[in-house]
Amino acid sequence: MTTAPQPAEQPEPLWRPDADRVARAQVTRFHARAAERYGAPAPVPGDPVASYAALHRWSVAEPERFWQAVAEWCDVRFSTPYTRVLADRSMPGATWFPGATLNYAEHALRAAEDPARAGEPALLHTDETHEPRPVTWAELRARVGSLAAALRRLGVRPGDRVSGYLPNIPEAVVALLATAAVGGVWTSCAPDFGARSVLDRFQQVEPVVLFTVDGYTYGGKRHERAAVVAELREQLPTLRAVVHVPLLGTPAPEGALEWSALTSDEVEPVFEQLPFEHPLWVLYSSGTTGLPKAIVQSQGGILVEHLKQLALHCDLGPGDRFFWYTSTGWMMWNFLVSGLLVGATVVLYDGSPGHPDTAAQWRVAERTGTTLFGTSAAYVMACRKAGVRPGRDFDLSRVRCVATTGSPLPPDGFRWIHDEVAEDMWIASVSGGTDVCSCFAGAVPTLPVYVGELQAPGLGTDLQAWDAAGGPVTDEVGELVIAGPMPSMPVRFWNDPGGRRYRESYFETFPGVWRHGDWITLTSRGGVVIHGRSDSTLNRQGVRMGSADIYEAVERLPEIRESLVIGVEEPDGGYWMPLFVHLAPGAALDDDLLGRIKSTIRTQLSPRHVPDEVVAVRGIPHTLTGKRLEVPVKRLLQGTPLEKAVNPGSVDDVELLRFYEDLAKARDRA
């Protein structure tokens with residue numbers, strides 16, 4: 001007699017929201033309203049997992065009704081009404097809310113209209129040395145009104161580009177909102193970017209105004225930027241005005257305008273009413289293999305997407321304090337500023353993530369009363385290695401969610417947050433992209449958290465995993481695709497005649513479907529696992545594995561600070577897979593460590609993914625936004641010259657790349 005096979009035992013969640021939290025969540029109340037008024041399936045009593053799955057299925061099957069429900073739930077102010085929600089669902093080229101006009105900045109400043117809230121902080125700003133300083137809603141609105149009027153006097157009109165070479169300070173938020181108020185198109189770079197990197201970005205869009213600081217402080221040191229600013233002014237001939245923000249206290253250079261002179265008038269802001277698809281800002285890809293893509297996103301698309309993410313997924317609203325460690329050169333800064341849309345207080349931190357010690361970001365969260373704390377997976381793992389114990393050493397009683405992005409949060413990162421921050425902590429590992437300035441998958445306040453998984457795909461996001469034939473797969477690795485349009489998908493790339501580069505970037509592999517370039521697994525219980533970039537995936541003897549899986553295993557070893565694994569297809573049909581390791585201080589790549597590295601990969605992952613060799617390097621190269629440079633290093637190892645394999649201005653330390661170029665030459669000679 002044989003017995004039927006038993007189903008695999010389901011893992012226990014690391015965290016599960018209690019019934020009260022589920023009931024209070026905005027997504028729960030939104031679901032009830034969507035079922036009552038817009039045809040969504042009714043919530044399943046007592047089963048938030050089934051309820052969210054049903055709501056998500058409806059949101060992608062009926063995008064018009066879903067996004068109408070979001071717009072009305074979040075009280076989007078259309079100064080002229082839309083004729084329909086989604087007039088054309090083609091990708092690329094979807095047409096959202098045709099006929100509608102609105103203004104992003106008007107929504108960001110709505111809380112200032114409430115007399116009861118006008119004196120509350122809209123922004124809390126801190127740095128490496130100062131206690132948090134508030135900017136109230138009334139003050140923020142007044143500064144935006146004054147600056148918007150000044151921009152109009154300078155001749156800035158709807159569609160003109162306004163640029164910021166600014167750190168994460170209140171002046172950057174004011175400049176963005178004033179630009180949006182007049183219908184200008186905002187674009188920014190962090191002041192740690194060198195002149196060439198900034199020009200690669202700003203020269204594409206030809207700004208008419210440049211906001212810039214004289215310098216910044218990072219890691220306890222002053223970094224002056226006068227020479228860079230002078231070069232930017234010389235190399236940006238379209239500039240009509242330069243506005244000087246004296247962060248280090250130096251006088252304005254000749255011909256520049258003073259920040260204080262433009263922001264001290266008592267002027268009510270005037271919000272230009274703009275078509276839904278009117279450009280709001282330009283973000284940039286990392287630009288590792290050429291000029292960065294200049295990604296244009298719309299006033300309306302960003303508004304409704306960010307309202308959905310922040311209200312329904314992050315569960316943010318008035319009374320919350322929203323902190324994400326970021327810089328103005330990363331899309332997460334734009335996302336952070338959008339916390340104003342839901343009436344949350346936005347926490348701005350300008351400084352090093354690890355100064356004066358590794359616990360720096362937790363200290364900011366404590367001092368600002370942060371309720372949602374966002375950081376990078378790399379920072380969480382650095383805290384774990386350094387033995388930081390935030391729950392013991394800081395008062396984090398107001399923090400109810402720790403969110404991470406930038407790279408997949410390894411399982412050990414989930415466990416560390418649970419053990420060392422708080423056991424009753426909602427851990428939201430999220431993943432998306434600069435391309436949409438949002439998340440494809442991640443935070444859902446009503447769902448359990450499983451180790452190593454993002455909680456679920458986002459509402460209105462038709463996230464699927466596809467095999468090579470273009471068929472959806474579950475519980476196995478596939479390409480991350482988005483099978484339906486999202487409002488915040490780029491309206492275009494700047495200077496991309498006919499949209500050729502835009503189509504090639506996302507729609508060439510599967511026509512009409514967005515291919516993002518990640519390997520993912522959609523689990524049968526609805527979670528999402530990110531395995532790394534699909535264009536740098538390891539493929540040994542037909543067994544595919546994401547680089548993130550290797551890093552998660554290897555970097556548990558205390559001797560390994562960081563690692564980089566590359567799979568190189570060789571001309572003779574062979575496959576070479578080296579692992580490069582940046583060692584912790586005092587560690588040596590001796591036979592013992594080498595054996596433990598290989599044993600770790602063999603036992604935890606796959607014998608086929610034991611590297612052919614392990615090489616110690618002085619550092620791992622990254623993009624300016626902190627992503628490991630897997631694809632450019634692969635190209636270098638395949639013999640591509642450095643100047644063709646990577647754009648040096650997009651790299652944190654180009655000298656690190658010369659090692660890989662030299663290694664390829666040495667292998668070729670051998």
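Heavy-atom basis, side chains included; hydrogens, waters and symmetry copies ignored.
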Return yes if a side-chain donor-acceptor contact under 3.5 Å exists between Ser438 and Glu305, otherwise no. yes

Is any side-chain N of the basic residue among Arg628 and Glu555 closer than 4.0 Å to the acidic one's carboxylate O? yes

State, with a plain yes or no, whether a side-chain heavy atom of Trp281 is found less than 4.5 Å away from one of Thr187. no

Output the distance between atom CG (Leu336) and atom CG (Leu372), rounded to the nearest 0.5 Å. 10.0 Å

Taking the side chain as everything from C-beta on, heavy atoms only, tell me whether Val209 gets closer than 4.5 Å to Phe211. yes

So, Tyr660 versus Phe580, ring centres under 6.0 angstrom or not? yes

Assess the residue pair Val481 and Leu463 against the criterion (side chain to side chain contact (heavy atoms under 4.5 Å, CB included)); give the C-alpha distance rounded to whole Å, side-chain angles, the decisive distance to 0.1 Å, and a yes or no. CA-CA 6 Å; Val481 304; Leu463 176 71; over 6 Å; no

Could you check whether Glu504 pairs with Arg501 (Lys NZ or Arg NE/NH1/NH2 to Asp/Glu carboxylate O, under 4.0 Å)? no

Could you walk me through whether Ile169 and Leu348 pass the side chain to side chain contact (heavy atoms under 4.5 Å, CB included) check? CA-CA 6 Å; Ile169 55 177; Leu348 308 175; 5.7 Å; no

Mark yes or no for whether Glu613, through its side chain, and Leu579, through its backbone, hold a donor-acceptor pair below 3.5 Å. no

Heavy-atom check, side chain of Val229 versus side chain of Asp214, under 4.5 Å: no

Using atom types as modelled and distance alone, determine if a side-chain donor or acceptor of Gln361 lies under 3.5 Å from a backbone N or O of Val380. no

To the nearest 0.5 Å, what is the distance between CH2 (Trp333) and OG1 (Thr326)? 9.0 Å

Walk me through whether Asp350 and Tyr216 qualify under side-chain hydrogen bond (donor to acceptor under 3.5 Å, both in side chains). CA-CA 9 Å; Asp350 172 31; Tyr216 63 98; over 6 Å; no

Check: Ala465 main-chain N/O paired with Glu479 side-chain donor or acceptor under 3.5 Å: no

Tyr379 and Ala360: which non-hydrogen atoms are nearest, and at how many Å? OH-N, 3.6 Å

Would you please classify the geometry between the Phe202 ring and the Tyr284 ring as parallel, tilted or perpendicular, with 30° and 60° separating the classes? tilted

Students often mix this up, so state it plainly: with edges at 30° and 60°, are the rings of Trp466 and Phe510 parallel, tilted or perpendicular? perpendicular

Nearest non-hydrogen partners of Val388 and Ala359, listed with the distance: CG1-CB, 3.9 Å

Is the shortest side-chain N to carboxylate O distance from Arg240 to Asp160 below 4.0 Å? yes

Here the gap from Leu409 atom CG to Glu552 atom CD, rounded to the nearest 0.5 Å, amounts to 9.5 Å

In short, Leu583 meets Ala616 closest at the heavy-atom pair CD1-CB, 4.2 Å

Pair His223, Thr217 - check side-chain hydrogen bond (donor to acceptor under 3.5 Å, both in side chains), show working. CA-CA 6 Å; His223 299 266; Thr217 301; over 6 Å; no

Tell me whether Gln204 contacts the main-chain N or O of Pro292 through its side chain, where contact means a donor paired with an acceptor under 3.5 Å. yes

Any side-chain heavy-atom pair from Val651 and Leu624 closer than 4.5 angstrom? no

To the nearest 0.5 Å, tell me how far Leu210 CG sits from His244 NE2. 12.0 Å

Any non-hydrogen side-chain atom of Thr179 less than 4.5 Å from a side-chain atom of Val185? no

Taking the side chain as C-beta and beyond, is there a heavy-atom pair between Val162 and Val156 under 4.5 Å? yes

Given Val346 and Val173, is the side chain to side chain contact (heavy atoms under 4.5 Å, CB included) satisfied, shown in steps? CA-CA 10 Å; Val346 169; Val173 177; 5.8 Å; no

Anything under 30° is parallel, anything over 60° is perpendicular, the rest tilted; go ahead and classify His516 against Phe440. perpendicular

So, does Thr328 use its side chain to make a donor-acceptor pair with the main chain of Leu166 at under 3.5 Å? yes

Among side-chain atoms of Arg225 and Tyr165, is any donor-acceptor pair under 3.5 angstrom? yes

Nearest heavy-atom approach of Pro621 to Val633 is CG-CG2, 4.1 Å

Look at the side chain of Arg201 and the backbone N and O of Ser197, then say whether any donor-acceptor pair between them is shorter than 3.5 Å. yes

For the backbone of Glu277 and the side chain of Ser298, can you confirm whether one donor and one acceptor N or O come within less than 3.5 Å of each other? no

Can you find a pair of side-chain heavy atoms, one from Cys439 and one from Gln309, that are under 4.5 Å apart? yes

One thing to verify: whether Asp652 and Lys627 come together as a salt bridge, which I'm taking to mean a side-chain N less than 4.0 angstrom from a carboxylate O. no

Would Val213 and Leu248 satisfy side chain to side chain contact (heavy atoms under 4.5 Å, CB included), going step by step from the backbone distance to the final call? CA-CA 8 Å; Val213 286; Leu248 298 184; over 6 Å; no

Side-chain (Arg515) to main-chain (Thr509) donor-acceptor, under 3.5 angstrom: no

Nearest heavy atoms of His125 and Pro170, plus distance in Å: CG-CD, 3.5 Å

Can you confirm if the aromatic rings of Phe335 and His306 lie within a centre distance of less than 6.0 Å? yes

Looking at CG of Leu642 and CD of Glu661, how far apart are the two atoms once the value is rounded to the nearest 0.5 Å? 5.0 Å

State whether the side chain of Ser285 and the backbone N or O of Lys293 hold a donor-acceptor pair below 3.5 Å, judged by distance alone. yes

Do the charged groups of Glu231 and Arg233 touch, with an N to O distance under 4.0 Å? no

Salt-bridge present (Asp412, Arg556; N to O < 4.0 Å): yes

In this structure, CG of Leu589 is separated from CD1 of Ile560 (nearest 0.5 Å) by 7.0 Å

Quick check: Phe373 with Trp362 (ring centres under 6.0 Å apart)? yes

Is a side-chain N or O of Ser338 found less than 3.5 angstrom from the main chain of Leu341, in a donor-acceptor match? no

Quick one: closest heavy-atom pair of Thr404 and Ser376, and the distance? CB-C, 4.2 Å

Looking at Arg196 and Asp200, is any side-chain nitrogen of the basic one under 4.0 Å from a carboxylate oxygen of the acidic one? yes

Tyr349 versus Asn168, side-chain donor and acceptor atoms under 3.5 Å: no

Contact check, side chains of Phe493 and Ser505, non-hydrogen atoms, under 4.5 Å: yes

Does a donor on one side chain sit under 3.5 Å from an acceptor on the other, for Ser352 and Glu128? no

